[in-house]
Number of protein chains: 2
Amino acid sequence: MESRIERIKKQLHSASYKLTPQREATVRVLLEHEEDHLSAEDVYLLVKEKAPEIGLATVYRTLELLNELKVVDKINFGDGVSRYDLRQEGAAHFHHHLVCIECGAVDEIQEDLLEDVEKVVERDWKFQVKDHRLTFHGICWRCQEKNGTEETKEESLEKQHVE
Amino acid sequence: MESRIERIKKQLHSASYKLTPQREATVRVLLEHEEDHLSAEDVYLLVKEKAPEIGLATVYRTLELLNELKVVDKINFGDGVSRYDLRQEGAAHFHHHLVCIECGAVDEIQEDLLEDVEKVVERDWKFQVKDHRLTFHGICWRCQEKNGTEETKEESLEKQHVE
DNA sequence: ATTGTAATGATTTTATTTTGCAACTTCCTC
DNA sequence: GAGGAAGTTGCAAAATAAAATCATTACAAT
């Protein structure tokens with residue numbers, strides 16, 4: 001965790017930006033919620049708990065900056081808001097998402113499934129792929145179980161998703 | 001064209017909605033600009049040419065309705081606006097997009113490239129895929145040619161991208 | 001210490017999208 | 001046809017997200 005912040009700090013420096021306390025607090029929130037897909041507003045509220053004096057504009061600026069540096073990716077699941085998702089360190093491409101249309105859960109796939117598809121696109125469409133966005137919409141394994149069987153205690157204990 | 005409107009009309013009716021003149025005008029605009037990726041505002045301005053009395057709110061409501069019926073898909077390429085894209089008739093899945101980071105052009109891929117990937121997702125993640133969104137970001141063939149004529153390949157590979 | 005530059009926070013502005021509501025059509029039933 | 005419910009419309013207002021503005025502050029390099 002600390003070392004990751006160190007590396008992000010270096011990334012900022014090499015683009016001649018500074019890791020200010022506000023920016024560090026923002027990055028920490030992102031690291032601590034790596035599984036989630038926070039909106040700018042979400043990040044703002046969480047950062048505010050640690051650094052109450054921070055302004056929303058700074059959060060927006062920081063997120064935009066991190067986006068430029070490819071530390072985070074800005075995504076959009078169709079609701080109006082942009083969400084910010086940490087990139088895996090060293091990942092050449094953005095990871096994929098599974099959005100459950102029943103419970104709203106968003107799971108991530110870090111594996112790159114598109115190597116072959118990208119080759120086809122480069123060859124057949126002469127399109128030089130730099131990055132991609134792939135999201136599947138469907139039913140997650142939790143909802144499939146929930147629907148298929150009567151719910152057991154263990155299953156309901158595992159349930160943690162809110163809309 | 002007329003028959004397509006007829007079929008959309010039937011789709012509306014079967015969900016107990018009506019194809020009002022305003023809705024028909026909106027659908028016609030979408031059909032006439034199938035290649036483009038119009039924003040709600042774009043659609044509004046185009047519909048207004050045929051039916052000047054239409055209100056922007058109606059266009060929004062119509063597009064939302066068509067989205068629910070899976071006649072159009074609402075997409076978002078990262079700029080703030082939602083765009084509305086006609087689905088191919090009978091297409092089980094949404095088509096893909098190639099967004100050029102140099103000239104901003106958006107091309108479509110109707111072919112379904114994801115069959116294999118979806119199988120993997122269903123098997124390995126137990127995720128029942130209903131739909132997908134796939135967008136590639138990169139350099140379109142036009143920009144590659146344009147770059148190639150004025151500079152060597154190495155130069156164009158080195159070129160940095162700003163804003 | 002002084003200066004120049006970058007960064008910040010509060011506020012305002014812009015843009016997009018949604019909602020509330022009264023008026024207006026449709027399409028039934030009588 | 002008259003009456004009525006339901007769906008639809010246009011306008012205006014409101015809600016929302018994001019970006020821009022700007023005076024103030026922090027900080028590194030003199």
Side-chain angles (χ1 to χ4, degrees), chain A residues 8-29 37-69 71-85, chain B residues 8-27 29 37-69 71-85 163:
Chain A
I8 289 170
K9 186 173 177 177
K10 278 189 190 122
Q11 265 191 278
L12 280 163
H13 283 165
S14 71
S16 59
Y17 295 112
K18 295 167 207 162
L19 185 65
T20 63
Q22 290 91 337
R23 286 178 183 166
E24 181 172 336
T26 306
V27 170
R28 276 182 196 280
V29 163
H37 299 84
L38 304 173
S39 67
E41 187 78 24
D42 295 337
V43 175
Y44 172 61
L45 293 173
L46 288 164
V47 175
K48 231 172 150 50
E49 291 173 10
K50 314 183 163 200
E53 75 289 353
I54 201 171
L56 177 57
T58 301
V59 172
Y60 268 105
R61 280 182 291 230
T62 302
L63 291 172
E64 197 192 359
L65 185 57
L66 294 174
N67 186 49
E68 270 172 39
L69 297 178
V71 173
V72 303
D73 277 293
K74 194 174 178 178
I75 41 172
N76 203 303
F77 290 130
D79 55 347
V81 287
S82 295
R83 295 171 184 284
Y84 296 85
D85 212 351
Chain B
I8 290 170
K9 185 174 179 179
K10 279 190 189 121
Q11 265 191 278
L12 281 163
H13 283 164
S14 69
S16 58
Y17 295 112
K18 295 167 207 164
L19 185 65
T20 63
Q22 291 89 338
R23 288 179 182 164
E24 181 172 335
T26 306
V27 169
V29 163
H37 299 83
L38 303 174
S39 67
E41 187 79 23
D42 295 337
V43 175
Y44 171 60
L45 293 173
L46 289 164
V47 174
K48 233 172 150 48
E49 291 173 11
K50 314 180 165 203
E53 74 291 353
I54 202 170
L56 177 57
T58 301
V59 172
Y60 270 103
R61 282 183 288 230
T62 302
L63 291 172
E64 196 193 5
L65 184 57
L66 293 174
N67 186 49
E68 269 171 41
L69 296 179
V71 174
V72 303
D73 278 293
K74 193 175 177 176
I75 41 172
N76 203 302
F77 291 128
D79 55 347
V81 287
S82 296
R83 293 169 186 285
Y84 296 85
D85 212 351
E163 275 92 12

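All values below were derived from every heavy atom in this structure, side-chain atoms included, with hydrogens, water molecules and symmetry-related copies excluded. Throughout, a chain's letter reflects where its sequence line sits, starting with A, and its residues are numbered from 1.
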B/S/- contact track for nucleotides 4-20 of chain D, protein heavy atom under 4.0 Å: ----SBBB-----SB-B
If you define the side chain from C-beta out and look only at heavy atoms, does anything of [X] sit under 4.5 Å from [Y]?
X	Y	result
Glu41(A)	Val59(A)	no
Thr26(B)	Ile54(B)	yes
Leu65(B)	Arg23(B)	yes
Val72(B)	Asp85(B)	no
Lys74(B)	Arg83(B)	no

From CD1 of Ile75(B) across to P of dT17(C) the rounded distance in Å is 13 Å
Whole-Å distance between dC27(D) C1' and Glu24(A) CD? 16 Å
